[in-house]
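From a predicted model like this one, the values you see are computed outputs, not experimental measurements.
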Amino acid sequence: WPGNIRELRNTCERFSQDASGVVDSSLVLRMFQGEKSKIVDDNWSEVVFEKGLNSYIGLIERRAVAEAMKKYDGKVTACIKELKISTSAFYRILNEKMS
């Protein structure tokens, strides 16, 4: 699942409200049509196979921290709360070198 557990729960609730008892692929596609992550690349598999999974996860973490920093104008506490990570994890990601 591309989001957190809260987003998954909300999506399941939307399914139950919109569906007539049956959730099929067309309903899923309609619900997510136009929704695209800013953080995950379309060519993720190429990057994973070229640089490795840990490198790609690091890239996603750095992008998420950068997006949070933009969203909250550099307010670290707000970023940490939004990302649901520890302070030490936040600074580890922030200080990692781009690979």
[X]: side chain to side chain donor-acceptor pair (under 3.5 Å) partners, not counting sequence neighbours:
X: Thr77; result: none
X: Ser88; result: Ser86
X: Lys71; result: Glu82

Can you tell me how far the [atom1] atom of [X] sits from the [atom2] atom of [Y], to the nearest 0.5 Å?
X: Ile57; Y: Glu61; atom1: CD1; atom2: CD; result: 7.0 Å
X: Ile60; Y: Glu67; atom1: CD1; atom2: CD; result: 12.5 Å
X: Cys79; Y: Leu94; atom1: SG; atom2: CG; result: 9.0 Å

Problem - Linked, directly or transitively: Met69 and Tyr91 (ILVMFWY side chains, under 4.5 Å) - result: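 Linked, Met69 and Tyr91 end up in one cluster.
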
Exercise for the section: List in chain and number order the residues that pass side chain to side chain contact (heavy atoms under 4.5 Å, CB included) with Leu83, two or more places apart in sequence or in another chain; answer none if no residue qualifies. Expected result: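 Checked Leu83 against side chain to side chain contact (heavy atoms under 4.5 Å, CB included); matches are Ala64, Val65, Ala68, Ile85, Phe90.
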
Exercise for the section: Check salt bridge (charged side-chain N to carboxylate O under 4.0 Å, His left out) between Lys84 and all other residues, then give those that pass, not counting sequence neighbours. Expected result: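 For Lys84, no residue satisfies salt bridge (charged side-chain N to carboxylate O under 4.0 Å, His left out) once neighbours in sequence are set aside.
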
